[in-house]
Amino acid sequence: MNGLVHALRAALGDAAVLTAPEERIAFERDWRNLHQHPAVCVVLPKTTAELARAVSLCAGAGVAVVAQGGNTGLVAGGVPVAGVPQVVLSLTRMNRIFAPDRVGNTVKVQAGATVQAVQAAAAAAGLMFGVSFGAQGSAQIGGAISTNAGGIQVLAHASMRANVLGLEVVLADGRVWDGLRAVAKDNTGFDLKQIFIGGEGTLGIITGAVLRLLPAARAHAMALVGVADVAGAVRVFQDIRAHAGDSLTMCEFITRAALELGAAQVTAGRLPFAAANYVLTELSSHTPDAPLAALLETALAPALESGIASDAVIAQSERERLALLRLREAVPEGELAEGGAVKHDIAVPIAATARAVADIEHVIATKYKDCRLNIFGHLGDGNLHVNVRPRAGAGLDDLADRKAAITADVEAIAMAYGGSFSAEHGIGQLRLDGMQTHKSSVELELMQKLKHALDPRGIFNPGKVLPQ
Ligand SMILES: Cc1cc2nc3c(=O)[nH]c(=O)nc-3n(C[C@H](O)[C@H](O)[C@H](O)COP(=O)(O)OP(=O)(O)OC[C@H]3O[C@@H](n4cnc5c(N)ncnc54)[C@H](O)[C@@H]3O)c2cc1C
């Protein structure tokens, strides 16, 4: 390995190659502190040419490459696996954002730019970037594209896939595919960028992207609504969608237990009112004085009058709006701070959400009696994080011998309703059993063929996405 490290240093400079364990550790350990294996070194290229050179050198030495963005992924996809010599290739220094094109509503970025920095650049140009999620301050565009990240505004602006117009990708043989086109229409053969979107670093390394921007939203109205159960939450969602149509940009479901975890992370954080479950919803408009609060009140009236909704508050200022949003976004941090959970990221058709959650509650209450459920997520997409916490006072170790069975049970329920066992987080290392169990042999074979065609020697992100 010394030869490879020496060659990487000669090509990229000493400062771009980290070998000391204390320098590597933050890149070797995943966000949840559950997965950590040593890398040969961490490489931090500044340009596509440097990155391509690093890939060529690793390929020549037969050493695998793990692309890493902000390392916020929740399926341990961006960190090394055990037993395979690997170099972590961090995109952190490739964070340039070019001036947005205000005619075409696009922006070209290097893949290491954070999602939040792209949002800020878009806002400075009077535009917005439509993908938004709790980890956006650290998560990078390359990571978000590679996981096809979703988040809180998917029901309005879709996932990353729909917000990418062009890509630049370094291939397994070190060549660069320049597909940085800024056009919405391009029916010239296979749409190659789609192969890399959601590829989780197993097919190529994304070094740049052209992203679609939108006119900036100039008015918002956010409400927190109390409901007794998931069926009530779905009813509230339906009512708001029926009244507000395209103005509906967010509709989240959060149990009280989950929101309390979020509140514990926020200074002076508290729940505005007590309820068994909550819906956090937002309307947005490009018209500055659009009467969104009144629209929200009208939309919520039937649920409040019929008792489906027990209470509701509408944020009266931007400060209140951001405080409500922060409560929701802090839920994963709160869960981690309280010892973590066996996490799941399921999707079901929205009409089946209440039945699927009831089935899951039943399974947990009967088979894993001491466990606590923590459910929250993107109701408007039918995508819920169904996380199973150990009994109060116990650590995650308490679930070590049961976690595979818990996950199999939760995922089986999602699949029985025609859903997905990984809606937005991807597969990484943690969902491989789900791939084996739930993907058909045809799907797995097609994926293996694609992998073999693009990465015949298997140097990109071994042990991720595809079961052996
Ligand atoms: C608090 C919190 C909230 C979250 N909320 C959401 C949410 O609402 N919606 C959602 O979808 N996700 C969410 N996530 C998950 C995570 O933030 C996303 O998956 C995000 O897109 C990962 O980006 P990253 O830059 O951190 O990627 P990393 O974690 O570094 O990597 C993720 C995967 O992408 C690959 N990769 C990274 N960069 C590249 C590249 N340039 N080229 C090729 N492959 C690459 C890695 O190898 C790995 O397989 C959340 C995570 C946290 C911690």
Side-chain angles (χ1 to χ4, degrees), residues 26-27 29-33 35 45 48 51 55 64-81 86 88-92 94-95 109-116 118 131-154 158-161 167-172 195-209 250 252 261-262 265 326 328-337 340 343 345 347 376-378 381 383-385 422-431 455 460-465:
F27 300 88
R29 191 162 56 196
D30 76 324
W31 187 82
R32 298 166 68 200
N33 290 328
H35 300 268
T48 299
L51 192 146
V55 168
V65 174
V66 185
Q68 189 178 98
N71 198 13
T72 68
L74 294 174
V75 289
V79 289
V81 290
Q86 282 152 97
V88 171
L89 209 52
S90 166
L91 279 283
T92 302
M94 295 181 59
N95 59 4
V109 302
Q110 282 188 307
T114 64
V115 173
Q116 192 162 292
V118 170
V131 177
S132 174
F133 51 91
Q136 64 194 18
S138 304
Q140 299 176 4
I141 287 298
I145 293 173
S146 299
T147 56
N148 186 27
I152 56 174
Q153 299 199 334
V154 167
S159 302
M160 281 303 292
R161 194 177 291 285
L167 281 187
E168 180 185 77
V169 181
V170 170
L171 305 174
I195 294 168
F196 299 101
I197 300 174
E200 299 187 49
T202 62
L203 302 176
I205 300 189
I206 296 167
T207 47
M250 185 182 98
E252 300 283 297
L261 288 172
Q265 292 304 299
R326 177 73 189 122
R328 157 66 185 93
E329 289 192 330
V331 173
E333 295 157 40
E335 186 184 76
L336 186 65
K343 286 169 96 68
D345 169 34
F376 59 96
H378 316 298
D381 313 322
N383 172 199
L384 292 180
H385 304 303
S422 188
E424 60 174 9
H425 292 162
I427 302 300
Q429 303 179 47
L430 301 192
R431 302 278 171 255
D455 182 18
F460 282 148
N461 221 359
K464 317 285 172 53
V465 182

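Here the structure is a predicted model, which is why all the values come from computation and not from measurement. In listed order, ligands and their atoms are each counted from 1.
A donor-acceptor pair under 3.5 Å links the side-chain atoms of Q136 to the main chain of F133, judged by distance alone. Judged by distance alone, with hydrogens and angles left aside, the side-chain atoms of N148 form no donor-acceptor pair with the main-chain N or O of I197 at under 3.5 Å. Formation of a donor-acceptor pair under 3.5 Å by the D30 side chain with backbone atoms of H35 is found in this model. A donor-acceptor pair under 3.5 Å is formed between the side chain of K464 and the backbone N or O of V79. Judged purely by atom type and a 3.5 angstrom limit, E200 has no side-chain atom pairing as donor or acceptor with the backbone of G77. Judged by distance alone, with hydrogens and angles left aside, the side-chain atoms of Q429 form a donor-acceptor pair with the main-chain N or O of A76 at under 3.5 Å. The main-chain N or O of T114 is never found under 3.5 Å from a side-chain atom of N95 such that the two would form a donor-acceptor pair.
Among all protein heavy atoms, the one lying closest to atom 24 (P) of ligand 1 is G70 N, 3.4 Å. Counting protein heavy atoms only, atom 50 (C) of ligand 1 is closest to L74 CD1, 3.8 Å. Atom 27 (O) of ligand 1 has its closest protein heavy atom at G143 CA, 3.5 Å. Of the protein's heavy atoms, T147 CG2, 3.7 Å lies nearest to atom 33 (C) of ligand 1.
In terms of heavy-atom proximity, V169 sits nearest to T207 at N-OG1, 4.0 Å. Taking both residues in full, the closest heavy atoms of M94 and P45 are given as CG-O, 3.4 Å, listed atom of the first, atom of the second, then distance. In terms of heavy atoms, G73 sits closest to W31 at O-CB, 4.1 Å.
Any N or O atom pair closer than 3.5 Å counts here, and G69 shares at least one such pair with ligand 1. At under 3.5 Å, not a single nitrogen or oxygen of W31, backbone or side chain, sits near a nitrogen or oxygen of ligand 1. Considering both main-chain and side-chain atoms, A135 never comes within under 3.5 Å of ligand 1 through any nitrogen or oxygen pair. Annotation: G150 places an N or O atom under 3.5 Å from an N or O atom of ligand 1; distance criterion only. Between E333 and ligand 1, not a single N/O pair is under 3.5 Å apart.
Each of V55, L89, V66 was evaluated against F460; a single residue qualifies, V55, per the side-chain contact (heavy atoms from CB on, under 4.5 Å) test.
Of all the atoms in ligand 1, the ones that sit under 4.0 Å from a non-hydrogen atom of A149 are 11 (O), 21 (O). Numbered from 1 in the order shown, with element, the atoms of ligand 1 that lie under 4.0 Å from a heavy atom of P332 read 1 (C). For ligand 1, the atoms closer than 4.0 angstrom to any heavy atom of Q140 are 24 (P), 25 (O). Numbered from 1 in the order shown, with element, the atoms of ligand 1 that lie under 4.0 Å from a heavy atom of I205 read 42 (N), 43 (C). Less than 4.0 angstrom separates some heavy atom of E200 from each of these atoms of ligand 1: 35 (C), 47 (O), 49 (O). Numbered from 1 in the order shown, with element, the atoms of ligand 1 that lie under 4.0 Å from a heavy atom of L91 read 41 (N). Close approach to A144 involves these atoms of ligand 1, each under 4.0 Å from a residue heavy atom: 21 (O), 23 (O).
D455 has its side chain out of reach of L203: every pair of non-hydrogen atoms, C-beta onward, lies at least 4.5 Å apart.
Scanning G78, G77, G137, G73 for the heavy atom closest to atom 29 (O) of ligand 1 points to G73. When G201, G198, A67 are ranked by how near their heavy atoms come to atom 47 (O) of ligand 1, first place goes to A67. The closest non-hydrogen atom to atom 36 (N) of ligand 1, taken over A330, A423, S146, comes from S146. With atom 28 (P) of ligand 1 as the reference point, the heavy atom nearest to it among N71, V154, V66, V331 is part of N71. Comparing heavy-atom distances from atom 42 (N) of ligand 1 across I206, D345, D30, N461 singles out I206 as nearest.
Heavy-atom distances between H425 and ligand 1 reach below 4.0 Å in at least one pair. Look at Q68 and you'll find a heavy atom under 4.0 Å from some atom of ligand 1. At least one heavy atom of G204 sits less than 4.0 Å from an atom of ligand 1. Note on ligand 1: H378 sits in its first shell, one or more heavy atoms being nearer than 4.0 Å.
To the nearest 0.5 Å, the span separating OG1 on T92 from CD on Q68 amounts to 7.0 Å.
For T72, heavy-atom contacts with ligand 1 shorter than 4.0 Å involve the backbone as well as the side chain.
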Please determine whether side-chain hydrogen bond (donor to acceptor under 3.5 Å, both in side chains) holds for the pair H385 and E424, giving the CA-CA distance in whole Å, both sets of side-chain angles, and the decisive distance to 0.1 Å. CA-CA 10 Å; H385 304 303; E424 60 174 9; 3.1 Å; yes

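Note on R32 versus E335: no salt bridge recorded, every NZ/NE/NH1/NH2 to OD/OE distance being 4.0 Å or above.
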